Asks: 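Once you've had a glance at the structure underneath, I'll fire off some questions.
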Amino acid sequence: MHRRVLVLFAHPAIRRSRVNRVLLEAARGVEGVTVHDLYDHYPDFAVDPDREQALLLEHDAIVAQHPLFWYSAPALLKEWQDLVLEHGWAYGRNGHKLDGKLWMQAVTAGGGERAYSPDGLNRWSVEEMLRPFEATANLCRMVWQPPFVLHGAHVVSASDVEAAAEAYRARLSALRDGSPVRAVAG
Amino acid sequence: MAADGFLVESATYLAAAVASVPIAQRLGLGSVLGYLVAGVVVGPSVLGLVNAGEDVMHVAEFGVVMMLFLVGLELQPSRLWQMRGAVFGLGGLQVGLSAVMIAAVAWLAGQAAGPSLAIGLILAMSSTAIVLQALAEKGLLKSPPGEATFSVLLFQDIAVIPILAVIPLLGASGAPVEAHAAPTLMDDMPGWLAALAVILAVVLIGVVGRLVLRPVLDFMATSRMREIFTATALLLVASAALLTQAVGLSPALGAFLAGVVLADSEYRHEIETDLEPFKGLLLGLFFISVGASISLPLVMENPLLLAAIVFGVVAIKAAVLYPVARMARLGHTDSALMAIALSQIGEFAFVLLSFAGQNRVLDAGTGSLLTAAVALSMLTTPVLLIVFEKLTHGRTDAPDDREPDTIEERNQVIIAGFGRVGQIVGRILIGRGIKVTVLEHDAEQLEALRRFGFKLYYGDARRHDLLHAAGAEEASVLVVATDEKDTTAAIIEMARRNFPHLKIVARAFDRPHAYDLEALGADAVVRETFAGSVELGVETLQALGVPAFESARIGRIFRRHDLETMALLRTMRGTADRDAYGLAFRERREMLEGVLRRDFQTVHDVEDAGWDSESLREEVRRAT
C-alpha cells in the first residue's frame, strides 16, 4: 500500500533560503507527495483548522519540513500545531483522527553536527531538540519517524545540497512505500 | 382679501408664539404657559388682534389629533394591551369619582340634578394637549407616573362617546332638541348598528395599517421625495381621524389607534420626525386660541365666582387623583405629580359645553362662565407644575417595578450608514452574535436586510432623536459608516454632544477628514481606502513573485509606518498653526520618502535579519 505523504513546509523567507528551497523542489518531484507551504497559504497567520484537519485526514504520513529556528520550528508551524491539533480530534479520549499516521521532521540546521553534541556550541543533538515534536506525535498516537536532518546548512556546498536533496527524495519515497520505522524506546 | 386676512392672522399667531414662548421657556415656565399668555394678549380682551374663531380652533384641534397619533407611534400594540387595566381602572375611577364630586358641588350650588351631572362629567375631562406637552417637555412621558397619566387620558378619550350620548338626556326639560355636536354617519342608526360601525372602524384601521400601509410607505420612501412622504404621513393621520369621527368616536382616538398600528414599523421614526413640527405648531395654535378665548370682561365681572370654580374643580380633581394614583402603586411624589398633571379641565369640555348648550341642558350664562373656567384652569397646570418642581427639586420616585436592562441589550452596536462599508462591519458583528442596530436612509437597502435579524431604522442619522430612538443611551459603540464626508462629521458631532458614553468608530474619506473626525470626538477613525489600498499593494507584490508571507509582511510594516505618520502629523496639527502644519506636511512627505526607502531595506535586510543567516554564515565560515 502506498502512503499518501503530506509535507508541511514552514519557512518565512523562502527567497533567502539556500537549502530548504532545493529540498522543497525535491519533495515536489516525488510522486504521491503533497507539498503544503504554510507561509504561502497563511501569510496572515489565520490558520484554518477545518481545512488543515481535512488535509491531514487525506494523508497517511506527515512531514514537517523547516529550518531549525532557535532549536524549534518557525512560528507559523507552532501556530498550526496550536490550532489544528485539537483536543477531541487529534488527542484525548475521543481524539483518534491521527492514530497510526507517520510523523517525520525534516530540518536543516545551520551548524555542523559537532555543534549539536554534548561538548558542542548547542550542547544537544537535533534529535533531542525535536523532543517537543516527538512528544506531540506521541500524544496524537502517531508513529514518530527518525528525523531527516541536514547539518551545516550555512556552509554546505552546492553539491552537498544536491546530495541532500537526493537523500530527502529517498526518505520521502521510503515513507511512501516502505514499512514504518517503529520508534525504539531508549 | 381673504388671503390677506389669512396672512395677517397667521403672522399675528406666529408673532405671538415667537415673542412669548422663548421668554416663557427662558423663565422656566414651559411653552404651554407661553402660548396661553400669548393668546390672552393677542385675543379680543387685550389687543384684539385675533378673534378666537371656531375655524382657528378647529384647525388647531388637529394638533391634538397629531399629538395622539405620535403618542400612539410610541406605543406597541402589545404594550397597549398591557395597559388595558390601567386605562379602565385608573381612568374609570378618575372620571367617575371626579364627575360625582363635581356634580355634588354643582347641585349644592343650586343647579338641578341633570345639569349638575352634565357639569360633573364635562369638567372631569382633562386636557390631553396640556398634559402630554408638559410631561414631554419634562421628559416624564415614559416614566411610571407619565404612563399612568396617559392611561387616564386615553380612558377620557373613549369616555367622550357615552358622555355625548348621555348629555341630551340630562336636560332640565328632559327632551332633547338637537341631538348631536357634529353630524355623523350614525345619526339614524340603531344602537347595535352604531356599535358595529365603531368596531368596524377600529378593525379597518388595524387591517389597513398592517397590510396596506407598509407597502405604501415603502413605495413612498423609495420615491425619495421627502415632502410626499410627509404628505403621506399627514394624510394617514387625517384619514384615521376622519374615519373615527364618522362613526362618532373622537378623531384623536382614531389617530392614536393608527399610531399604535404603525408603532413597530421601521418608518415610525421617520414619520415621527416629519410630523413633529406640524404637531408642535398646531398645538401652539391650539393653546393660543384657548388663551384668546378667555374673555377678560367676563372674568372681571365674576372674579370670585370664577376663581372659586377654577380652584374648586382643580382641587377636587387633584384630591380624587392622588388616592387613585396611590392605588396604582405610585410613590407619594409621583402620585402628586399625576394629580397635578390631570387637574385642569380639558379641551373636550369646550365641545361638550357647547353641545350641552345646544341641548338646553345648560343655560347660556352657566355655559360661558364654565367655558372661561375651562380656559383658566388650563393656565393653572403649568404654574402648579412649576411649584411642584420647585418643591421636589425635580426628583421623582425611584422606579421600582422596571426590569433592569440585560447586558445583551446594553452591548448593542449602532451602525449609521449601511452601504458598502457598513455592511461589512455589520456582517462581522452579526457573525459574532453581537446585536446590531442599523440606521439607513436608503429604503431599498433596508428592504433586503429586514430578514437577517438586523434591527432597522429608516431615517437620517444626523437627527438626535433618531439616534435616541435607536437606543443610543444603551448602546456602547456607534459605527459611523456613512458615505458623505459632511454627513459623517455631522453625525459624530451630534453623537458626541448627546451621548458622551458612546465609543465612536468612524469611516473617514481621507487623511484630513480623519483628523477632522478625531477632532469632533471620534474614538477610532479608519480611512476608507487605506486597508484596501494596502491590500492592493500586497497583491501587486505577489503578482511580481514576492512570496505571500513576505508581501503581507511588507503590507503590515507599511501600515504601521503610515499609522505612525498619522500620529506624528496629528500632534503637529494640534499644536502648530496652519502654516507650520503645511511645512510639517512637506517635511513629513520627505520623511515618508525616506521611510519608504528604508522600508525597502528594512524588509530585505534589517527587520527580518532573524530569518537571514548571511552574517551567521560568515561567522561559521570564519570559524571553520
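Protein chains get the first letters and strands the later ones, always in sequence-line order, with residue 1 at the start of each. Here the structure is a predicted model, which is why all the values come from computation and not from measurement.
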Asks: Among residues at least two apart in sequence or on other chains, which ones pass ring-ring contact (aromatic ring centres under 6.0 Å, His included) with Phe509(B)?
Replies: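 Testing Phe509(B) for ring-ring contact (aromatic ring centres under 6.0 Å, His included), a comparison that skips the adjacent residues, returns none.
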Asks: To check you understand the geometry: which heavy-atom pair defines the closest contact between Arg556(B) and Asp44(A), and what is its length?
Replies: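 Heavy-atom minimum between the residues: NH1-CA, 3.7 Å.
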Asks: Check the orientation of Phe549(B) and Phe45(A). Use parallel for under 30°, tilted for 30 to 60°, and perpendicular for over 60°.
Replies: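 Phe549(B) and Phe45(A): tilted rings.
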Asks: Which residues in residues 538-545 of chain B have any heavy atom lying under 4.5 Å from a heavy atom of chain A?
Replies: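 Result: none.
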Asks: Please say whether more than 12 non-hydrogen atoms of neighbouring residues, nucleotides or ligands are located less than 6.0 Å from CZ in Arg527(B).
Replies: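 Above 12, so yes.
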Asks: For chain B, which of Ile14(A), Asp37(A), Leu38(A), Asp40(A) has the most heavy-atom pairs under 4.5 Å?
Replies: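 Result: the option with the highest number of such pairs is Asp40(A).
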Asks: Take atom CD of Glu86(A) as the centre, draw a 6.0 Å sphere, and report whether it contains more than 12 heavy atoms from other residues, nucleotides or ligands.
Replies: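 Yes.
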Asks: Considering non-hydrogen atoms only, spot the tightest contact between Pro43(A) and Ala552(B) and give its length.
Replies: CB-CB, 3.6 Å
Asks: For atom CD of Glu128(A), is the number of surrounding heavy atoms from other residues, nucleotides or ligands below 6.0 Å larger than 12?
Replies: yes
Asks: Kindly check if the number of other-residue, nucleotide or ligand heavy atoms within 6.0 Å of CZ (Arg21(A)) is above 12?
Replies: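 More than 12 heavy atoms, drawn from other residues, nucleotides or ligands, come within 6.0 Å of this atom.
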Asks: State whether the number of non-hydrogen atoms from other residues, nucleotides or ligands found under 6.0 Å of Glu484(B) atom CD is greater than 12.
Replies: no
